[in-house]
Protein chains: 2
Amino acid sequence: MAQIDNDKMVMFEERCRKAGLKVTHQRKAIYQTLIESKLHPSADQVYRQIKRSISTISLDTVNRTLQKFNELGLAFTVEGSGEARRYDGNMHDHQHFKCIKCRRIIDFHHGEFDDIDIPPAIAKIYKILRKTVYFEGICDKCK
Amino acid sequence: MAQIDNDKMVMFEERCRKAGLKVTHQRKAIYQTLIESKLHPSADQVYRQIKRSISTISLDTVNRTLQKFNELGLAFTVEGSGEARRYDGNMHDHQHFKCIKCRRIIDFHHGEFDDIDIPPAIAKIYKILRKTVYFEGICDKCK
DNA sequence: CTCTGTGCAAACACTTTGCAGCTAA
DNA sequence: TTAGCTGCAAAGTGTTTGCACAGAG
């Protein structure tokens, strides 16, 4: 383990204990691997990486652990929901709010979000095709 | 078909012809169903709905068609990528750019996006837990 | 008539679940 | 010691693919 990550690992262990989670060597390895990666890895990618040092680890453990981290706020999901793709046929400017409990996706419209500026540093490097402002939380019915 | 949607259907047929796509009754039904729904349906939900009137339609057709619409800009994906979930362990404020070609997700940070305001009308109804600004496009390597 | 689109079935990829044995606290 | 965790295997869910037939242009 790189020295530079010591602080983060200590913090991680504290967070686990506070949440009543046991600090297993698998969990440490998964957390370590995740924060060292800049590639926004999938569970499978994390699994392959760890398998080099802990050959007995299973993909399920990685899956379950990453989802646990997500719940605890130690990590989060940036892509894919594990659920089916969902489509929107409304091509007018609008934004989405998703309830993490009932999974409803609700449209709303706030004019200021329609034309958020692309930072010049980004526009210079990438060709932006779509800009999204997206909120997640608990809806009125689930509160 | 509701009268109110006639304009959209005509536009839809034109868009298809321009793109060299045949205007089949399945495609019309799928488009119709999608724009009538406010629920951001999955392919399966669209399929079940259409099956009532076109009992021979297959889920594959719905899947393929919705993805085609997505390519053409007649609809878009609001949730789920069809790919595996991907995680991020970086809990500092930052935003993501995703290349739709190579699927890379790249972090960037633009301070103004850290504190975008939640519209009061939204904050009143929902409990917001996460705010995201997200760009999609073509990265430097794929251009 | 031709060539794209469709329906079907099988393959595939990812995630979830149940359970017995293991291990951190 | 014991409650929670892990590894395994099987099942579940969603998506993709190859192919023969159907139907739009």
May I ask you to evaluate whether [X] reaches the phosphate of [N], defined as a side-chain N or O under 4.0 Å from OP1 or OP2?
{"X": "A/Arg64", "N": "D/dC5", "value": "no"}
{"X": "B/Thr24", "N": "D/dG23", "value": "no"}
{"X": "A/Gln67", "N": "C/dT16", "value": "yes"}
{"X": "A/Gln26", "N": "D/dG7", "value": "yes"}
{"X": "A/Thr61", "N": "D/dG7", "value": "yes"}
{"X": "A/Arg27", "N": "D/dG4", "value": "no"}

Whole-Å distance between [N] [atom2] and [X] [atom1]?
{"X": "A/Leu21", "N": "D/dT2", "atom1": "CG", "atom2": "P", "value": "22 Å"}
{"X": "B/Leu59", "N": "C/dC12", "atom1": "CG", "atom2": "P", "value": "19 Å"}
{"X": "B/Asn63", "N": "C/dT6", "atom1": "CG", "atom2": "P", "value": "12 Å"}
{"X": "A/Lys28", "N": "D/dT6", "atom1": "NZ", "atom2": "P", "value": "12 Å"}
{"X": "A/Arg85", "N": "C/dC14", "atom1": "CZ", "atom2": "P", "value": "13 Å"}
{"X": "B/Lys68", "N": "D/dT16", "atom1": "NZ", "atom2": "C1'", "value": "14 Å"}
{"X": "A/Tyr47", "N": "C/dC14", "atom1": "OH", "atom2": "C1'", "value": "14 Å"}
{"X": "A/Glu13", "N": "C/dA24", "atom1": "CD", "atom2": "C1'", "value": "12 Å"}

Review point. So among B/Lys127, B/Arg130, B/Lys131, which one has a salt bridge (Lys or Arg N to Asp or Glu O under 4.0 Å) with A/Glu136?
Key: B/Arg130
Check your understanding: Touch check for B/Thr56, heavy atoms < 4.0 angstrom, all strands: base, sugar-phosphate only, or nothing?
Key -> sugar-phosphate
Practice item. Flag the pair A/Phe108 / A/Phe135 as yes when their ring centroid distance falls below 6.0 Å, and as no otherwise. Key: yes
Measuring from the side chain of [X] (C-beta onward, heavy atoms only), which nucleotide among [options] has the closest atom?
{"X": "B/Asp60", "options": "C/dG5, D/dT17, D/dT15", "value": "D/dT17"}
{"X": "B/Lys22", "options": "D/dG23, C/dT17, D/dT17", "value": "D/dG23"}
{"X": "B/Thr65", "options": "C/dT6, D/dT15, C/dC3", "value": "C/dT6"}

Review point. Mapping A/Ser58 and B/Arg17 onto DNA chain D by nearest heavy atom, which one lands closer to the 5' end?
Key: A/Ser58
Point to revise | Separation between CD of B/Gln26 and OG1 of B/Thr56, rounded to the nearest 0.5 Å | key: 7.0 Å
Check your understanding: Judged by atom type as modelled, is there a donor-acceptor pair below 3.5 Å linking the side chain of B/Arg86 to the main-chain atoms of A/His40?
Key -> yes
Review point. Relative to the 5' end of DNA chain C, which residue comes earlier, B/Ala84 or B/Ile54, by the nucleotide with the nearest heavy atom?
Key: B/Ile54
Check your understanding: For residues B/Gln49 and B/Thr33, is any side-chain donor paired with an opposing acceptor at under 3.5 Å?
Key -> no
